[in-house]
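Computed over heavy atoms, backbone and side chain alike; hydrogens, waters and symmetry mates excluded. In the text below, chain A, chain B and the rest are named by the order of the sequence lines, each starting its count at 1. Quick caveat, the model's predicted, so the values are computed rather than measured.
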4 protein chains.
Amino acid sequence: MGTGTTRKGGASARTVRAEGRWTRRKDARPAELLAAALDLFVERGYAGTRLDDVASRAGVSKGTLYLYYSSKEELFKAVIREGLVPVYEHGERMVDAHSGSAEDLIRNLLRAWWEMIGATNLGGIPKLMIAESGNFPEVTRFYFDEVVSRGRKLVARAVRLGIESGEFRDLPVDQIVRLMLAPVMLMAVWRYSFAFCDTTPLDPDSYLKLHVDVLLNGLRATEPALA
Amino acid sequence: MGTGTTRKGGASARTVRAEGRWTRRKDARPAELLAAALDLFVERGYAGTRLDDVASRAGVSKGTLYLYYSSKEELFKAVIREGLVPVYEHGERMVDAHSGSAEDLIRNLLRAWWEMIGATNLGGIPKLMIAESGNFPEVTRFYFDEVVSRGRKLVARAVRLGIESGEFRDLPVDQIVRLMLAPVMLMAVWRYSFAFCDTTPLDPDSYLKLHVDVLLNGLRATEPALA
Amino acid sequence: MGTGTTRKGGASARTVRAEGRWTRRKDARPAELLAAALDLFVERGYAGTRLDDVASRAGVSKGTLYLYYSSKEELFKAVIREGLVPVYEHGERMVDAHSGSAEDLIRNLLRAWWEMIGATNLGGIPKLMIAESGNFPEVTRFYFDEVVSRGRKLVARAVRLGIESGEFRDLPVDQIVRLMLAPVMLMAVWRYSFAFCDTTPLDPDSYLKLHVDVLLNGLRATEPALA
Amino acid sequence: MGTGTTRKGGASARTVRAEGRWTRRKDARPAELLAAALDLFVERGYAGTRLDDVASRAGVSKGTLYLYYSSKEELFKAVIREGLVPVYEHGERMVDAHSGSAEDLIRNLLRAWWEMIGATNLGGIPKLMIAESGNFPEVTRFYFDEVVSRGRKLVARAVRLGIESGEFRDLPVDQIVRLMLAPVMLMAVWRYSFAFCDTTPLDPDSYLKLHVDVLLNGLRATEPALA
DNA sequence: TATGAATGAGGATTCATTCAT
DNA sequence: TATGAATGAATCCTCATTCAT
C-alpha cells in the first residue's frame with residue numbers, strides 16, 4: 001500500500017540508486033507499520049491484536065517490528081502519538097488564518113475534521129483511545145492534552161468569536177463546544193463499532209449539515225420569541 | 001466476602017418462595033458476578049480482564065464462575081444481555097404512557113436515560129460495547145438490535161410526535177434522533193475513558209439542560225428567519 | 001522421587017485422609033521443584049535451562065512452576081537461598097559444641113562439609129553460583145554473605161583456636177582459611193565440570209585426608225627449622 | 001579501538017610477508033574479536049553473551065563476526081583453544097630448562113602461572129570452562145586434555161623431582177599436584193565471581209607465598225618428629 | 001455447590017544467523 | 001571485506017479452562 005504510492009512520487013525515485021533499496025524501505029517502514037497497527041488495534045483492540053498479524057499485514061516478519069518499536073506498548077504509543085497531532089496542528093493554522101463569520105468557521109472546522117479524520121482511518125483513533133484508556137493512563141493523558149484539549153480550544157475560539165460578534169447567544173462556551181463535537185466524534189466512533197449492524201446508515205455530509213444547521217440555529221442570538 | 005452478609009438478608013425470601021435454602025443464594029450469585037464482571041470489563045476491556053479478578057471481586061473462587069457461566073465469552077454476553085435491556089423496557093412503557101408535549105417527553109427521556117444508565121455503572125456498557133464490537137459481532141448485533149435500535153425508536157416516536165403536532169420543523173427523523181442521543185451517550189462514554197484527565201469536568205445536569213434547550217430551540221418550527 | 005520417600009514416613013501418612021492428596025502434594029512441590037531446578041541449573045547453567053525441562057523433571061507442567069515461583073529468576077534465587085544456608089547453620093552448631101584439639105575440629109569440619117555438601121548434589125551450588133555471579137549480583141552477594149562468609153568464619157574460629165593453643169604457628173588467619181577450603185571447594189566444583197573427562201579420578205576420602213595431613217603438618221608450630 | 005595502534009606495528013610485518021595490505025589487519029581481527037568474546041563470555045556466560053555485544057566491543061558490526069567464525073559456538077571454541085594452550089607450551093619449556101631444587105621450580109611455576117594467567121584476563125578461562133562444561137562436552141574435553149592435563153603433568157614432574165631428590169616425602173603425586181594447584185586456580189576463578197563482594201580481599205603475592213611455604217613445609221621429608 | 005491446584009495453548013520478546021548491498 | 005536490515009526459531013510467561021476433592 002504505502003510502498004506503491006510512495007514509489008509514484010518519481011522525484012525521489014530518481015535518486016534510488018544513490019539511496020539503495022533498503023534505504024527507501026527503511027524510511028518507509030515506520031509509516032507502514034503504524035498504518036497496519038492502527039487498523040488492527042482499532043479492529044481488535046490492543047490485547048486482541050497479535051504482533052504477528054501487524055507484521056504480516058505490513059509485509060514484514062515479526063522480528064522486524066522490533067527493529068522499529070521496542071515493544072507492543074511502544075508501538076501502541078506511537079500509533080497514538082503520530083496519529084492525530086499533525087492534523088490538529090493543521091487545524092490550528094486554519095483558525096489562525098480565518099476571517100469571516102464564526103458560523104463559517106465552525107462549518108469549515110467540522111467539515112475539515114470529518115474529511116481529514118472521521119472519513120479516513122485516523123477516525124479509528126478516538127475509538128481505540130476510548131477502548132484502551134483504562135489500560136494506558138499515560139497515553140490517555142497525552143492524547144487528552146494533545147488532541148482533545150487542543151480540539152476543544154480550537155472550537156472554543158470559534159464559539160467565542162461568534163458570541164463576541166453577536167452571532168450567538170452568550171452561553172457557557174465549554175458546554176457548547178462539547179455539543180458541537182459530540183455528534184461528529186460519535187459518528188467516527190460509530191464507523192468502527194456499530195456501523196456494520198446499521199441497516200439505515202447515515203449520509204455523513206447531510207448529517208453534518210443538519211447538525212450544524214440545527215445547532216447554529218439553536219445558538220442564534222436573533223431569537224427574541226424564544227427567550 | 002460479601003457472601004456471608006448477603007445470606008442474612010435472604011431469610012424472608014426463603015420462606016416466601018418456600019424453596020431450598022440455597023435458592024436465594026443461587027439467584028444472587030449471577031447478579032454479583034455480573035456486577036463484578038461489568039466493572040472490570042469496562043475498566044480493562046474484555047481481554048484485559050482476568051476471570052480470577054472477576055471472581056475475587058465478587059468474593060468467590062475462580063471455579064465458581066464456571067458453575068454459572070460456561071466460558072468467559074458467555075459471561076461477557078450475559079453482561080451485555082442483562083445490562084440495558086430491562087431499562088429500555090422501562091423506557092418503552094414511559095413513552096406509551098406519555099401525554100403532553102413532545103418537548104416534555106424528550107426532556108424526560110433524556111433525563112431518565114442519564115439517571116438510570118449514564119449516571120450509574122450501566123453507563124459503562126456503551127463504552128464496553130464500542131470497544132469490543134470488533135471481537136464479538138454477534139453480541140454487537142444483539143446489542144444493536146435490543147438496545148440501540150430500541151432506543152432510537154423510542155426517541156423517534158417522540159420526535160415524530162413533535163413534528164406531527166407542529167412543535168418541530170419537518171426534518172429527517174433518524175438524523176434528529178442521533179443528534180439528540182449523541183451528547184448524552186458520549187458523556188457516558190467519557191465517564192469511563194477521559195474523565196480522569198479532564199480538569200474542567202462537566203456538570204451533567206446543566207449540560208443536559210443546555211443540550212435540550214439548544215437542540216429544541218434549533219428544531220422549533222416558529223423560525224421564519226431560517227427558511 | 002521426593003514423593004515416594006516422603007510417603008514412607010508413615011507417621012504423616014496416617015493423617016492422609018484428613019489432609020487430602022493435594023495437600024500432601026502441595027507441601028512437597030516446592031522441594032521437588034527446587035531439586036529439579038538445581039540439577040538442571042548446575043548441568044546447563046541458568047540461561048541454558050528451560051523451565052519446561054525443570055517442570056517435566058519434577059513431573060509437573062510448565063504452568064505449575066508459576067504457582068510456586070513467579071519467574072525463572074525467583075526460582076533461581078530460591079535454589080540458592082534454600083540450598084546451603086541450613087547446612088551452614090548446622091556447621092555453626094558443630095563448632096559451638098566442639099571441645100578438643102583444633103586439629104580434630106578442622107578434620108571434622110572439612111569432612112562434614114564434604115559429606116553434607118560436596119558429596120551430595122548440593123555440591124553443585126558453588127559451581128552454579130560461580131557460573132552465574134556475573135548475571136545475578138544480588139544473589140551473589142546474598143550467597144557470599146550467607147554462605148561463603150559464614151563458612152570462612154566457621155573455619156577461622158577453628159584456626160584461631162589452634163593458634164591460641166599453640167598447635168599452629170601464628171600465620172594470617174584469613175589466608176590459612178582459604179588454603180584450607182580451596183581443595184575441598186574445588187573438588188566439589190570439579191564433580192560438576194571436569195570429572196567426566198578425568199580418567200584418573202580422585203578418591204575423595206584419601207584426598208581429603210592427605211590435604212588435612214599436609215596442611216596441618218605445614219602449619220604445625222613445632223618447626224624450629226622454618227622460623 | 002586498539003586497532004589503529006596495532007596496525008602501526010604491522011609495518012614491518014607487511015614487507016616481510018609480502019602480502020596484501022589487509023593481511024596484517026586480517027590477522028589482527030581475530031585477536032580483537034577473541035579478546036572481546038573472552039571478556040563477555042567470562043562476565044555473562046556463553047548464553048548470556050550476545051554476539052551484538054561482542055561485535056560492538058570489538059568495534060565491528062555483527063556481520064563481520066561471521067567472516068571469521070561461522071557460528072557462536074565456533075567463536076567460543078576458538079576462545080578456549082587459542083587462550084591457554086600457548087601459555088602452557090611456554091610452561092613446558094620452563095620445566096625442560098630447569099636445573100636446581102624442586103622447591104624453586106614449584107615456586108617459579110606457580111608464580112609464572114599466576115603472572116601469565118591468573119593475573120591477566122586469561123584467568124577468566126577456567127571460570128568460563130567450569131561454567132560451560134555441561135553444555136560443551138567436546139570443548140571441555142579439549143580443554144581438559146590440552147590444558148588441565150598438561151598443567152598437571154608439568155607440576156607432577158616437579159613433584160617427582162623433589163621426591164626423587166629426597167626433598168619431599170613420598171606421597172601420592174597426583175593428589176599432591178591437585179593440592180598445589182587448587183588455591184591458585186580458585187583464586188583466579190574468584191576474581192571473576194565473588195571478588196566484587198569480598199571486603200577483605202587477598203593480596204595474591206603474599207597468599208601465593210604462604211601457600212607455597214605451608215605446602216612445601218608440609219611435604220618436607222626432614223620431619224622426623226611429626227611422623 | 002464451592003474450591004483451587006493443575007494444565008497447556010497462545011503470544012510477546014530475544015537473538016543467532018543470513019544476505020543484499 | 002564490511003555492513004546492518006530482515007528473519008524466525010526458541011523460550012518465558014499468562015490465563016482460560018478443567019477436575020479431583
Side-chain angles (χ1 to χ4, degrees), chain A residues 17 19-23 25-26 29 47-55 59-75, chain B residues 3 20-23 25-26 29 46-56 59-75, chain C residues 17 19-23 25-26 29 47-55 59-75, chain D residues 20-23 25-26 29 47-56 59-75:
Chain A
R17 293 231 20 165
E19 290 174 350
R21 251 175 242 161
W22 276 3
T23 307
R25 215 65 201 293
K26 209 204 159 190
R29 276 287 144 75
T49 297
R50 281 169 308 183
L51 289 191
D52 247 339
D53 291 343
V54 174
V60 300
S61 79
K62 199 176 8 172
T64 300
L65 264 178
Y66 284 86
L67 296 177
Y68 298 92
Y69 302 99
S70 61
S71 70
K72 192 181 186 183
E73 185 165 346
E74 286 306 316
L75 175 62
Chain B
T3 310
R21 70 181 284 237
W22 290 109
T23 305
R25 190 108 183 263
K26 189 180 171 183
R29 272 289 147 73
Y46 177 80
T49 297
R50 281 170 303 179
L51 290 190
D52 248 337
D53 291 343
V54 173
S56 65
V60 301
S61 78
K62 191 169 35 165
T64 301
L65 267 179
Y66 283 83
L67 298 175
Y68 296 96
Y69 302 99
S70 63
S71 71
K72 191 183 187 182
E73 186 165 347
E74 286 306 317
L75 174 63
Chain C
R17 295 230 19 166
E19 291 174 350
R21 250 176 242 161
W22 276 3
T23 305
R25 216 64 201 293
K26 208 204 161 191
R29 276 288 145 74
T49 297
R50 281 170 307 184
L51 288 191
D52 246 340
D53 291 341
V54 174
V60 301
S61 79
K62 199 178 6 175
T64 300
L65 265 178
Y66 284 87
L67 296 176
Y68 298 92
Y69 302 99
S70 61
S71 70
K72 192 182 186 182
E73 186 166 346
E74 286 306 316
L75 176 62
Chain D
R21 71 181 284 237
W22 290 109
T23 305
R25 189 106 184 267
K26 187 180 173 184
R29 272 289 147 74
T49 297
R50 279 169 304 179
L51 290 191
D52 247 337
D53 291 343
V54 174
S56 66
V60 301
S61 79
K62 193 168 33 165
T64 301
L65 266 180
Y66 282 84
L67 297 175
Y68 297 94
Y69 302 98
S70 62
S71 71
K72 191 183 186 182
E73 185 165 347
E74 287 306 317
L75 175 62

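- On a pure distance criterion of 3.5 Å, a polar donor-acceptor pair joins the side chain of B/K62 and the base of F/dT17.
- Dashed line: the shortest gap from a side-chain N or O of A/R29 to OP1 or OP2 of F/dA6 is under 4.0 Å.
- Which of F/dT7, E/dT7, E/dT17 sits closest to the side chain of C/L67 comes down to E/dT7.
- Of the side-chain N and O atoms in C/S61, one or more sit less than 4.0 angstrom from OP1 or OP2 of E/dT7.
- In this structure, the nucleotide among E/dT3, E/dA12, E/dA6 sitting nearest to the side chain of A/K72 is E/dA12.
- Residue-level contact check: B/S70 touches neither bases nor backbone, having no heavy atom under 4.0 Å from any strand.
- Close to E/dT1, at under 4.0 Å from its OP1 or OP2, lies no side-chain N or O of B/Y68.
- Not one side-chain nitrogen or oxygen of B/Y66 sits closer than 4.0 Å to the OP1 or OP2 atom of E/dA2.
- When the nearest nucleotides of DNA chain F are assigned to D/T64 and B/Y46 by heavy-atom distance, the more 5′-ward of the two goes with D/T64.
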Dot-bracket for DNA chain E, 5' to 3', Watson-Crick and G-U pairs with both distances under 3.5 Å, [ ] for crossing pairs, | for partner on another strand, reads .||||||||||||||||||||

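- Each of A/S71 and C/L65 has a nearest nucleotide on DNA chain E; the 5'-most of these lies closest to C/L65.
- One interatomic measurement links the two molecules: CG of D/D52 to C1' of E/dT14, which rounds to 11 Å at whole-angstrom precision.
- Closest contact between the side chain of C/R50 and the listed nucleotides F/dC12, E/dT13, E/dT7 involves F/dC12.
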